[in-house]
Amino acid sequence: MEEIDPESLGEVAYGIFEVYLNRELRLRGPYLFELVEQGTDFEVDVASVFKQFREDYPDLAGALLRRFGGIDAVYASLRAGEGVLPSKTTRMYWIVQDAPGPLARGLDDEQVGKWLIFVPQKEADEAWRKIRDETAKGLLGISAKVSTAKPNPDSRDERAVIYVYTRDWADEADVMRVRERLRDLGFTERIGYKRNIETYRGEYSEEGRKVTYYSA
């Protein structure tokens, strides 16, 4: 079996830990982004969650420590905006924000679709804040994610992209409700909506070929 590069494993471990941390912090109270943007000291919480993470995933925790030297270094990067704002995030390709509630319950992944919003890199933080906050309040779709400053070899565009997911592409009323809310937030230019099933098939925009299901 091919050996995994230790640095790459450390980066993967970091991404998994941040997802884990987000979940645990939310169970205790505010979201990670709220703690960071409010200037709250949550170092004790990070250390506590990492201890739990180390018990659950010892190999990943070890790779994380070898890559970054200690949990205090991870905490410092979080305070600086890593995993919170796209312009400050260089260790993960995406930042994800889920809506509150048990999203996985009764969710058919092939029914899920998303609005695609492309913005210049310099506008990504502001655009993400708007969409993230509305998603966290349960006022938009079921989830959202934004590309980050980490160079992605699979990227087809120099702009940042934000995906705003809805539960069911066939539920046109809900899909368009989300579109109207995005318009209220300032995203007034025409955007496209793509179903997950097209993404899974590897279907992307090509000349003379339409892969967007809705456009509004």
Asks: Do K88 and E82 have side chains that approach each other closer than 4.5 Å (heavy atoms only, starting at C-beta)?
Replies: no
Asks: With sequence neighbours left out, write down each residue that passes side chain to side chain donor-acceptor pair (under 3.5 Å) with D41, or none if nothing qualifies.
Replies: Y75
Asks: Side-chain contact test, heavy atoms from C-beta onward, threshold under 4.5 Å: evaluate it for Q52 versus Y20 and give yes or no.
Replies: yes
Asks: Assess whether side chain to side chain contact (heavy atoms under 4.5 Å, CB included) is satisfied between R67 and E11, documenting all intermediate values.
Replies: CA-CA 8 Å; R67 173 68 179 85; E11 296 286 341; 2.9 Å; yes
Asks: Heavy atoms only: give me the nearest S87-A149 pair and the separation to one decimal.
Replies: O-CB, 3.9 Å
Asks: What are the two closest heavy atoms between F68 and A73, and how far apart are they?
Replies: O-CB, 3.3 Å
Asks: With sequence neighbours left out, write down each residue that passes side chain to side chain contact (heavy atoms under 4.5 Å, CB included) with A13, or none if nothing qualifies.
Replies: L60, A63, L64
Asks: Does any non-hydrogen side-chain atom of I131 lie less than 4.5 Å from one of I117?
Replies: yes
Asks: Tell me, do R91 and S77 make a side-chain contact under 4.5 Å, heavy atoms counted?
Replies: yes
Asks: Is the shortest heavy-atom distance from the side chain of V19 to the side chain of V96 under 4.5 Å?
Replies: no
Asks: Quick check: do K114 and T166 have side-chain heavy atoms less than 4.5 Å from each other?
Replies: no
Asks: May I have the step-by-step check of side chain to side chain contact (heavy atoms under 4.5 Å, CB included) for E172 and Y214, ending in yes or no?
Replies: CA-CA 9 Å; E172 187 172 353; Y214 298 108; 3.7 Å; yes
Asks: Could you list the residues that satisfy salt bridge (charged side-chain N to carboxylate O under 4.0 Å, His left out) with E123, not counting sequence neighbours?
Replies: none
Asks: Could you tell me which non-hydrogen atom of M92 sits nearest to which non-hydrogen atom of G15, and how far apart they are?
Replies: SD-CA, 3.6 Å
Asks: Might you point out which heavy atoms bring G141 and V164 nearest each other, and give the distance in Å?
Replies: N-CG1, 4.4 Å
Asks: Which distance, rounded to the nearest 0.5 Å, do you find between the CD1 of I16 and the CG of D56?
Replies: 12.5 Å
Asks: Atom CZ of R195 and atom OG1 of T212: how far apart are they, to the nearest 0.5 Å?
Replies: 10.5 Å
Asks: Using the salt bridge (charged side-chain N to carboxylate O under 4.0 Å, His left out) rule, collect all pairs that involve residues 174-189, keeping only residues at least two apart or in two chains.
Replies: E134-R181, D174-R177, E180-R183, R181-D184
Asks: Shortest non-hydrogen contact from L185 to K130?
Replies: O-NZ, 3.3 Å
Asks: Do D168 and Q111 have a side chain donor and acceptor closer than 3.5 Å?
Replies: yes
Asks: For the atom pair CZ (F42) and CG (L25), what is the distance rounded to the nearest 0.5 Å?
Replies: 7.0 Å
Asks: For S48, what residues pass the side chain to side chain donor-acceptor pair (under 3.5 Å) criterion, not counting sequence neighbours?
Replies: R28
Asks: To the nearest 0.5 Å, what is the distance between CG (D45) and CG (L35)?
Replies: 7.5 Å
Asks: Give every residue pair that meets the ring-ring contact (aromatic ring centres under 6.0 Å, His included) criterion with at least one member in residues 109-154, sequence neighbours excluded.
Replies: W115-Y193
Asks: Who pairs with L65 by side chain to side chain contact (heavy atoms under 4.5 Å, CB included), at least two apart in sequence or on another chain?
Replies: F50, R54
Asks: With sequence neighbours left out, what residues match Y93 under side chain to side chain donor-acceptor pair (under 3.5 Å)?
Replies: none
Asks: What I want to check is whether the side chains of Y14 and E18 have a donor and an acceptor closer together than 3.5 Å.
Replies: yes
Asks: On a heavy-atom basis, which atom in I71 and which in V46 lie closest, and how many Å separate them?
Replies: CG1-CG1, 3.9 Å
Asks: Who pairs with Q38 by side chain to side chain donor-acceptor pair (under 3.5 Å), at least two apart in sequence or on another chain?
Replies: none
Asks: With the side chain counted from C-beta on, respond yes when T90 and T148 share a heavy-atom pair under 4.5 Å apart, and no when they do not.
Replies: no
Asks: For residues 143-171, pull every pair meeting ring-ring contact (aromatic ring centres under 6.0 Å, His included), keeping only residues two or more places apart or in separate chains.
Replies: W94-Y163, W169-Y213
Asks: Would you please name every residue forming a salt bridge (charged side-chain N to carboxylate O under 4.0 Å, His left out) with R132, sequence neighbours left out?
Replies: E37
Asks: Which distance, rounded to the nearest 0.5 Å, do you find between the CG of D125 and the CG of L85?
Replies: 4.5 Å
Asks: State the CG-CG distance between L78 and L21, to the nearest 0.5 angstrom.
Replies: 6.0 Å
Asks: Is there a side chain to side chain contact (heavy atoms under 4.5 Å, CB included) between K194 and L116 once you walk through the steps?
Replies: CA-CA 8 Å; K194 187 176 179 182; L116 283 70; 3.9 Å; yes
Asks: Side chain to side chain contact (heavy atoms under 4.5 Å, CB included) with A124: which residues, sequence neighbours excluded?
Replies: P86, V119, A160
Asks: Are I95 and V84 packed together at the side-chain level, in the sense that at least one heavy-atom pair is separated by less than 4.5 angstrom?
Replies: no
